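Computed from a predicted model, the values in this text were never measured in an experiment. Numbers here simply count residues along the sequence, with the first being 1.
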Amino acid sequence: MRIAALALALALSTPAAQADQPLSAGQRFAQDAVIVDTHIDAPSLLLREWADLGLDAPKVEFDYPRARQGGLDVAFMSIYTSPGEDAAGTATQTAHTQIDAVEAMVGRRPEQFAVLRSPKDFERLNAHNQRVLLALGMENGAPIGADLSKLKLFFDRGVRYITLAHSEDNRISDSSYSRKHTWKGLSPFGGKVVDEMNRLGIMVDVSHLSDDAVRAVLARSKAPVIASHSGLRHFTPGFERNLSDELAKAIAAKGGVVQVVFGNAFVDPASAADTQAYFVASAKFEQEQAAARKRGETPKSSQAFDKEWEAAHPPRAVKIDAVLDQIDYAVKLLGADHVGIGSDFDGVSGALPQGLKSVADYPNLIEGLKARGHSDETIRKVLGANLLRVWSEVEAKAVRS
């Protein structure tokens, strides 16, 4: 049935003659394996410009035809809010609106999409292997404000992991991009957030956190934790956004999983330096706009800032080997049970390695891993089995609490 789903996807997105082409070894493996990608930023794009992602949508990196072509089974939709929205008090509404957009996509295309709220529902919702299942991950804990009860509200709406902070310190945690280190790790409120996430069965995500904050989460959490989209600092020395060997091993020792990101900024040293510069400039921009609001002036658009930055800093050419190197190293460092994938598709402005440009390209990753000698069992674990195991364990811990 997975092959039938691929044929449907090809028919939706390509000429009929192309749909008749034989599958590559990577495509066959992708259709048979369970692929879980823990970080795709489609919801933010849907708010900027609505697109029917059930059809071929060439302006973005995630749509149904290419997802099925690539063998994607579970796509965590990133419910992202910026530090600027936190400061403006609009983060909660933005998060709800993005969830509304995902629900609208499912409502329009129920034969192609379904919301996945528990790994227990995977087989039922994916019975005919033709749907792409959409889970929700919240990137930045800002939408809960200072109200723990909002965690239950967002859990009820389907959120199953929360990245505690993003590019600036917030009321929960310090950020890897911030030099303030307001809390020297987690805030007192942040500790309560971790406790409540454990109780509810929401995975705690340490991507974007400072080193001290990651350590604090690992010490506090009673359940395994994840890094939903992170690289390894071994390849980008001095780039705190990526995990040190010490912290990656600590995540694994607690039973968690490091989901290796694809974006150039995290796997390529030169691109990582560009990213650090961006977040310094972005933080300064957000501070300037907050000051403008206090003066009663109309703030400038963060989208305009990003557009200007991207024009001045075009993506560098990076090979797929940069991602394969990360996965190779992670498997050797952590063991095959503690590595996964979290691409950041639609979240890095197209700055992706050659051969990993969209959700159609997981077969290229598979072929690269096979060429490097990884076993089929290891590849299946990395593609999705590890994440589903951790999610199940977090859910089970919540039931027992």
Side-chain angles (χ1 to χ4, degrees), residues 41 43-48 78-101 136-151 153-154 157 159 161-194 196-197 205-210 212-213 216-217 228-229 240-241 275-310 347-349:
D41 276 288
S44 297
L45 299 185
L46 289 176
L47 293 197
R48 295 180 197 174
S78 175
I79 307 304
Y80 166 71
T81 54
S82 70
E85 288 170 304
D86 191 9
T90 59
T92 302
Q93 179 58 38
T94 297
H96 279 302
T97 305
Q98 288 185 19
I99 296 172
D100 293 344
L136 302 180
M138 180 179 284
E139 187 177 23
N140 193 358
I144 71 170
D147 184 356
L148 281 176
S149 69
K150 286 184 181 175
L151 284 170
L153 175 63
F154 282 113
R157 294 212 68 187
V159 171
Y161 79 68
I162 297 177
T163 317
L164 300 184
H166 191 251
S167 56
E168 292 184 19
D169 300 347
N170 61 15
R171 60 181 60 82
I172 298 171
S173 171
D174 291 342
S175 164
S176 63
Y177 287 126
S178 173
R179 301 276 65 88
K180 297 176 185 176
H181 289 182
T182 305
W183 307 108
K184 305 300 184 287
L186 286 178
S187 71
F189 176 67
K192 295 178 182 178
V193 168
V194 171
E196 181 67 358
M197 289 172 68
D205 176 21
V206 299
S207 288
H208 280 287
L209 303 193
S210 70
D212 285 341
V217 168
S228 69
H229 60 304
E240 193 175 3
R241 169 65 178 84
T275 300
Q276 288 177 293
Y278 164 80
F279 277 106
V280 169
S282 178
K284 181 179 179 182
F285 173 83
E286 295 286 2
Q287 291 169 358
E288 291 171 349
Q289 302 325 301
R293 290 187 194 94
K294 288 182 179 179
R295 295 193 300 268
E297 300 172 4
T298 302
K300 296 179 181 178
S301 164
S302 59
Q303 284 82 11
F305 170 83
D306 286 345
K307 188 174 181 179
E308 291 177 9
W309 180 272
E310 290 161 14
V348 291
S349 303

*Show your working on side chain to side chain contact (heavy atoms under 4.5 Å, CB included) between Glu286 and Ser302 and close with a plain yes or no.*
CA-CA 8 Å; Glu286 295 286 2; Ser302 59; 4.3 Å; yes
*Does the side chain to side chain contact (heavy atoms under 4.5 Å, CB included) test come out yes or no for Glu168 and Thr182, once each step is laid out?*
CA-CA 10 Å; Glu168 292 184 19; Thr182 305; over 6 Å; no
*Determine, stepwise, if the pair Thr275 / Arg241 fulfils side chain to side chain contact (heavy atoms under 4.5 Å, CB included).*
CA-CA 10 Å; Thr275 300; Arg241 169 65 178 84; over 6 Å; no
*Would you please test His229 and His208 for side chain to side chain contact (heavy atoms under 4.5 Å, CB included) and show each step?*
CA-CA 9 Å; His229 60 304; His208 280 287; 3.5 Å; yes
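Looking at heavy atoms from C-beta onward, Val280 lies out of side-chain contact with Arg179 at the 4.5 angstrom threshold. The shortest distance between side-chain heavy atoms of Val217 and Leu186 falls below 4.5 Å. At least one side-chain heavy atom of Val193 sits less than 4.5 Å from a side-chain heavy atom of Leu148. When side chains are defined from C-beta on, Met197 does not count as touching Asp205, because their heavy atoms never get closer than 4.5 Å. Looking only at side-chain heavy atoms (C-beta outward), Leu136 and Phe154 stay at 4.5 Å or farther from each other. Between Gln98 and Leu46 there is no side-chain heavy-atom pair separated by less than 4.5 Å.
Here the closest heavy-atom approach between residue Glu85 and residue Ser82 is recorded as OE1-N, 2.8 Å. Closest heavy-atom contact between Ile162 and Gly141: CG2-CA, 4.0 Å. In plain terms, the two heavy atoms of Tyr80 and Thr94 that are nearest each other are O-CG2, 4.2 Å. Of all the heavy atoms in Asp41 and Glu139, the pair that sits closest is OD1-OE1, 3.7 Å. Here the closest heavy-atom approach between residue His181 and residue Ser210 is recorded as NE2-CB, 4.1 Å. Contact between Arg171 and Ala142 at its shortest, heavy atoms only, is NH1-O, 4.0 Å.
In this structure a side-chain-to-backbone donor-acceptor pair under 3.5 Å is present from Thr92 to Pro143. The backbone N or O of Ser228 lies less than 3.5 Å from a partner atom in the side chain of Ser207, making a donor-acceptor pair. Panel note: side chain Asp174, backbone Lys184; a donor-acceptor pair is recorded below 3.5 Å. The backbone N or O of Lys307 sits nowhere less than 3.5 Å from a side-chain atom of Glu310 that would complete a donor-acceptor pair. Between the side chain of Ser187 and the main chain of Ile172, a donor-acceptor pair closer than 3.5 Å is present. The main-chain N or O of Ser173 is found under 3.5 Å from a side-chain atom of Asn170 such that the two form a donor-acceptor pair.
Distance OH/Tyr177 to OG/Ser282: 10.5 Å, rounded to 0.5 Å. The structure places NE2 of His166 at 9.0 Å from OG1 of Thr81, a figure rounded to the nearest 0.5 Å. With rounding to the nearest 0.5 angstrom, the CG atom of Leu164 is 12.5 Å from the CG atom of Asp169. Note that OG of Ser78 and OH of Tyr161 are 5.5 Å apart. Values are rounded to the nearest 0.5 Å.
Between Tyr278 and Phe305, the ring planes are tilted. Angles from 30° to 60° get that label.
Between Lys150 and Glu196 no salt bridge is recorded (no basic side-chain N to carboxylate O distance below 4.0 Å).
There is a side-chain donor-acceptor pair under 3.5 Å between Ser149 and Asp147.
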